[in-house]
Each structure stands twice: as C-alpha cells, then as structure tokens.
Amino acid sequence: MTCRKTLLPNGVRIVTDAIPHVRSVAVGIWVETGSRVEPDDRGGISHLIEHLVFKGTATRSAEAIAVAIDSVGGQMDAFTAKEHTCFYVTVLDEHLGLGVDLLIDILRNPLFAPPDIEREKAVVSQEIRMVEDTPDDLIHDLFAEQIWSGHPLGRPILGRWDVVQGFGSDTIREHFEGEYVPPRIVVAAAGHLEHERVVDLFAAGFEGFDRPVRERRGVPPTVQPGVHVVAKPLEQVHLVMGFPGAPETAPERYALYLLNDVIGGSMSSRLFQEVRERQGLAYSVHSGLQSYHDTGILYVYAGTDAGNFGKVVRALMKELRGLQKDGVRADELARSKEHLKGNLMLSLESTSSRMNRLARQELRFGSFASLDELLERVAQVRPDEVAAQIPRVLDEEQLTLLALGPIDRRNLPRELFRS
C-alpha cells in the first residue's frame, strides 16, 4: 500500500493510494459537512445541495456533465451522510484529468438556478416518499429520532418536506459557501495514479479557492432509552433495538468490531444462526455499528411477521443475555477475527473501497494505517477486552427499541425488559 498526503496552501488535504496493477482510478472530494451540522430550519439542505451541484455549472449543463462522464465509460455520483458529504468519480486512468475537472467544476461553479432548485425539490420529495414506502429504510430514520431525540443526529438526512420546500437560492448558496471551505475538504484517490499528478490537477483546479472557516457550536448527543411503536399497515413488523456504542476513534473500537461480528455481523453470528437458521423467524436479521466523532451505537435489526414478533424479540434478548452471562467463546472470537481479516483484504480489490477507506482514515485520524497495521490491531484484541464491552454495551437500562408495522404496544413482551 503506497499512500501519500499533501496539504495544499488553502488547506485542502490530498491523500492517494497508488495501485499499479489496476487500470481504473477512483477519486472523491469529501467535505466535512452533513445533516448533523444543519440548523433546525435547514434540515435536509446538505442533501439538496448534493443533488443541485449536478444540475449545471457556469460552463456545463446537467446533460453535458452526464454526457462527459458517460462518454468515457466512467461513473459519477455523490452521497450525503450525517457528518460528511462525498462527490466521486471512477474512470480509466487515461481519463483522470476529465474526472478531476468534472468534480472541481460542480464544487466550484454550481449555478443553483431557481428553476433547477424547484425541479430538484420535487425529486427530493419523491425520494422522501420512497423512504416512506421502504420500511427497512424508514425504521432507521424513526429509530434515530428516538435514540437521539432532540439532537441533530436524530434528524433524517433527506430532511422533512415542510422544511425542504422552503429553501430558496440565497439560503442554499449561503449554506454552501459557508460549509464548502478548503480546510474541511479531503480529496482521496486510489488506483493507477501518480500522487504528483493528482496534486497538480487539484492545485490548478482549486487555485483562488479560499473561504474562511466559520465556527460551529454543538453538543454531544446522549442516548435516550425507551420502547416505541409506530403502527403502519405493512406485511411485516420491522424492529431495531440499539445500545450505546463508541465514537469512531475510541481505543476500544476493535473489540467492539469483534463483539458486533459475534452478535449479528455474519452468517455464523449468534443472531443469524438462532433467529433465522434454527427458528426460521426472519429472513433478515443482523447487527451493526454506527459511529460518529463523539458517539456511537450498536444496533440489531430484524423483520418478521406480526405473529412472530414476540418470538423474535424473545430470541434476540435470549442471545444478548446469553452473551452477558457466558461471554464470547474462544472459537467465536477466532472466527470473527478471521472474518474481519477477510473483509479487509477483499476490500483491497476495489479502487472505490480503497478510496473510501483512505478518506475516512484521513477524516477521522488525520493519517492512514496500512492493511498490515489494521490486521495486527484486530489480531491483538484480547478476550478480556471484548468481555469488557459486553456489560457496557448490552446494558438493558440503556436499550432503545422501535417497532414499525401492524402492531401496537399490546404486542410487546414487556416482561423481557425487566431487570
């Protein structure tokens, strides 16, 4: 792994991972802004901006942008998250210059024309409605609203239509220019590239790009425990339960990765084997981690028929309580280490995955770790370190549960949540 970093005079960070044996290059511009930093009256504006920059620039129409990337067989897209926004291209190495030019153009010269804004609001309205019709997506938004109630992390990334529809061009441009500033930008590139050429391309494209960083004020979120039911006429009941996790830079994160893998992070995990394989109660059941700079959660998801809801909850709680009582077996821990090791190594086969990992490491730590270093950190996790996470994380006093579907509170097996 040949990773290098350069800091441009205006504060933009450029990190690259040269992979000589491939022919493609993945390049992303990552901006440290997202739904979390939005004021209440601007909820969803980051996501709308992500859409709007593709609608035309001072020199290219939306169609011209699409034609340019399609004409070289490339891919161009973007996504908005809670704490960052990313715009990226994947192209053959010979078209790196075009890919970089397109990225710089949409980030430096977006028009934000009023007709485009109104059209894209309509698109976002359809996207919000699509989530409403996709319960396994909707439940995570509803769950976030509960576990981080009253905090920006609890708001949906897409925003709410009654807020989004009120954004005008002046508000959008003011937010864009205040958030898209050089010191909050990381450029990450992975593939068949030369670091110096990537730096030269972005240095030229970002010449004269210098905006001040405005101060942000915010408070860390606190987990809000509780049991919630949202009645909706669906075919299944969808369930998410969550516990306090850890921030993305926490020293205990590797132990938590392994604990999550044992709980529900793989086909051999406890939840998958018990709920799906042995009892046949759910098609989809898994656990996961959501980590941010100052907080995190471990969550469990399952979808099942309304008639099996109580059985699923009992099975989930039985497995989680079994971990609290008996801990993680040596064979489980060894298997989880190998599973994480395999996932890390397989990710090296994709330039996009390597670009993503490189950017996230720079955003989190300001540096990058080699694959060997990451594998060694996983291998060095001791059984007692994983065991220490179990009572801290799987604390039923801190449990937040949300169920979505054709049920009401009378369907909840309340006795399971007594100490």
Ignoring hydrogens and angles, tell me if any N or O in the side chain of Glu385 forms a donor-acceptor pair with the backbone of Arg382 under 3.5 Å.
yes
Atom of Ser35, atom of Arg155 and distance for their closest heavy-atom approach
O-NH2, 3.5 Å
For Ser291 and Ala246 the tightest heavy-atom approach is OG-O, 3.3 Å
pair Asp93-Leu193: side-chain heavy atoms closer than 4.5 Å
no
With distance as the sole test, does Arg13 use its side chain to make a donor-acceptor pair with the main-chain N or O of Leu7 at under 3.5 Å?
no
Side-chain (Ser71) to main-chain (Val67) donor-acceptor, under 3.5 angstrom:
yes
Using 4.0 Å as the upper bound for N to carboxylate O, is an ion pair formed by Glu94 and Arg23?
yes
Do Val72 and Leu92 touch side chain to side chain, with heavy atoms closer than 4.5 Å?
no
Is the shortest side-chain N to carboxylate O distance from Glu132 to Arg129 below 4.0 Å?
no
Should Phe243 and Asp395 count as side-chain neighbours, where that means a heavy-atom distance under 4.5 Å?
no
For Leu399 and Met241, run side chain to side chain contact (heavy atoms under 4.5 Å, CB included): C-alpha distance rounded to whole Å, both residues' side-chain angles, the deciding distance at 0.1 Å, then the answer.
CA-CA 7 Å; Leu399 169 66; Met241 59 173 65; 3.6 Å; yes
For Arg60 and Asp101: C-alpha separation, side-chain torsions, deciding distance, then whether salt bridge (Lys or Arg N to Asp or Glu O under 4.0 Å) applies.
CA-CA 11 Å; Arg60 290 183 174 99; Asp101 185 57; 2.6 Å; yes
Stepwise side-chain hydrogen bond (donor to acceptor under 3.5 Å, both in side chains) test for Glu362 and Ser367
CA-CA 5 Å; Glu362 175 61 30; Ser367 62; over 6 Å; no
What distance do Arg4 atom CZ and His195 atom NE2 have between them, rounded to the nearest 0.5 Å?
4.5 Å
Glu373 atom CD, neighbour heavy-atom count above 12 within 6.0 Å:
yes
Can any side-chain N or O of Glu252 pair as donor or acceptor with the backbone N or O of Gln389 at less than 3.5 Å?
no
Which pair of non-hydrogen atoms, one from Asn260 and one from Ser287, has the smallest distance, and what is that distance?
OD1-OG, 2.7 Å
Close side-chain approach of Gln236 to Leu234, heavy-atom, < 4.5 Å:
no
Pair Glu248 + Arg360: basic N to acidic O under 4.0 Å
no
May I ask you to check whether Trp30 and Phe79 place their ring centres under 6.0 Å from each other?
yes
Does one side chain, of Gln224 or Ser149, offer a donor that lies under 3.5 Å from an acceptor on the other?
no
If you measure from CE on Met130 to CG on Leu158, what distance do you get to the nearest 0.5 Å?
8.0 Å
Closer than 4.0 angstrom, basic N to acidic O: yes or no for Asp116 and Arg119?
yes
Within-4.5 Å side-chain heavy-atom neighbours: Leu239 and Leu402
no
Would the distance check show the side chain of Thr85 and the main-chain N or O of Thr33 forming a donor-acceptor pair, the cut-off being under 3.5 Å?
yes
Between Lys5 and Val15, is there a donor-acceptor pair closer than 3.5 Å when you use the side chain of the first and the backbone of the second?
no
Is it the case that the ring center of Tyr299 lies less than 6.0 angstrom away from the ring center of His140?
yes
With a cut-off of 6.0 Å (strictly less than), are more than 12 heavy atoms of other residues, nucleotides or ligands near CD of Glu177?
yes
Exercise: do Glu127 and Ser125 side chains pair donor with acceptor under 3.5 Å
no
Given the rule in the ring-ring contact (aromatic ring centres under 6.0 Å, His included) test, do Trp148 and Tyr292 qualify, once you have shown the distances and angles that lead to the verdict?
CA-CA 13 Å; Trp148 286 310; Tyr292 304 97; 5.7 Å; yes
Is the backbone N or O of His293 less than 3.5 Å from a side-chain atom of Glu83, with the two atoms forming a donor-acceptor pair by type?
yes
Would you find more than 12 non-hydrogen atoms of other residues, nucleotides or ligands less than 6.0 Å from Lys341 atom NZ?
no
Where do Leu374 and Arg357 land on the side chain to side chain contact (heavy atoms under 4.5 Å, CB included) test, with the steps shown first?
CA-CA 12 Å; Leu374 294 174; Arg357 188 157 63 89; 3.1 Å; yes
Side chain proximity check, Ile14 to Val186, heavy atoms < 4.5 angstrom:
no
Aromatic ring centroids of Phe176 and Phe112 under 6.0 Å?
yes
Nearest-0.5 Å distance that lies between atom CG in Leu340 and atom CG in Leu375
9.5 Å
When Val240 is tested against each of Ile139, Thr400, Leu404 for side-chain contact (heavy atoms from CB on, under 4.5 Å), which residue passes?
Ile139
Test your reading of the model: is there a side-chain donor-acceptor pair from His151 to the backbone of Val219, 3.5 Å cut-off?
yes
Please walk me through it: do Asn109 and Thr59 pass side chain to side chain contact (heavy atoms under 4.5 Å, CB included)?
CA-CA 8 Å; Asn109 308 303; Thr59 58; 5.6 Å; no
Please check if the side chain of Arg354 supplies one atom and the backbone of Leu348 the other of a donor-acceptor pair under 3.5 Å.
yes
Does NZ in Lys311 sit with more than 12 non-hydrogen atoms of other residues, nucleotides or ligands closer than 6.0 Å?
no
Does some side-chain heavy atom of Leu102 sit less than 4.5 Å from a side-chain heavy atom of Met76?
yes
Report yes if the side chains of Val123 and Glu120 come closer than 4.5 Å at any heavy-atom pair, otherwise no.
yes
For the residue pair Asp17 and Thr2, confirm or rule out a side-chain donor-acceptor distance under 3.5 Å.
no
Are any of the side-chain nitrogens in Asp141 or Arg160 under 4.0 Å away from the carboxylate oxygens of its partner?
no
May I ask you to check whether over 12 heavy atoms, not counting those of Glu194, lie within 6.0 Å of atom CD?
no
Test salt bridge (Lys or Arg N to Asp or Glu O under 4.0 Å) applied to Glu179 and Arg173, Arg36, Arg42, Arg216, the passing residue:
Arg216
Spacing of Leu323 atom CG and Arg329 atom CZ [to the nearest 0.5 Å]:
9.0 Å
What do you reckon, is CD of Glu207 surrounded by more than 12 foreign heavy atoms closer than 6.0 Å?
no
Run the side-chain hydrogen bond (donor to acceptor under 3.5 Å, both in side chains) check on Asp261 and Ser336 step by step: do they pass?
CA-CA 6 Å; Asp261 198 77; Ser336 291; 3.0 Å; yes
Here the gap from Gln290 atom CD to Ile147 atom CD1, rounded to the nearest 0.5 Å, amounts to 8.5 Å
Could you walk me through whether Lys121 and Glu118 pass the salt bridge (Lys or Arg N to Asp or Glu O under 4.0 Å) check?
CA-CA 5 Å; Lys121 284 181 186 178; Glu118 295 309 309; 3.2 Å; yes
Would you say Glu319's side chain and Leu316's backbone share a donor-acceptor pair under 3.5 angstrom?
no
Rounded distance (nearest 0.5 Å) linking atom CE of Met267 with atom NE2 of His339
9.5 Å
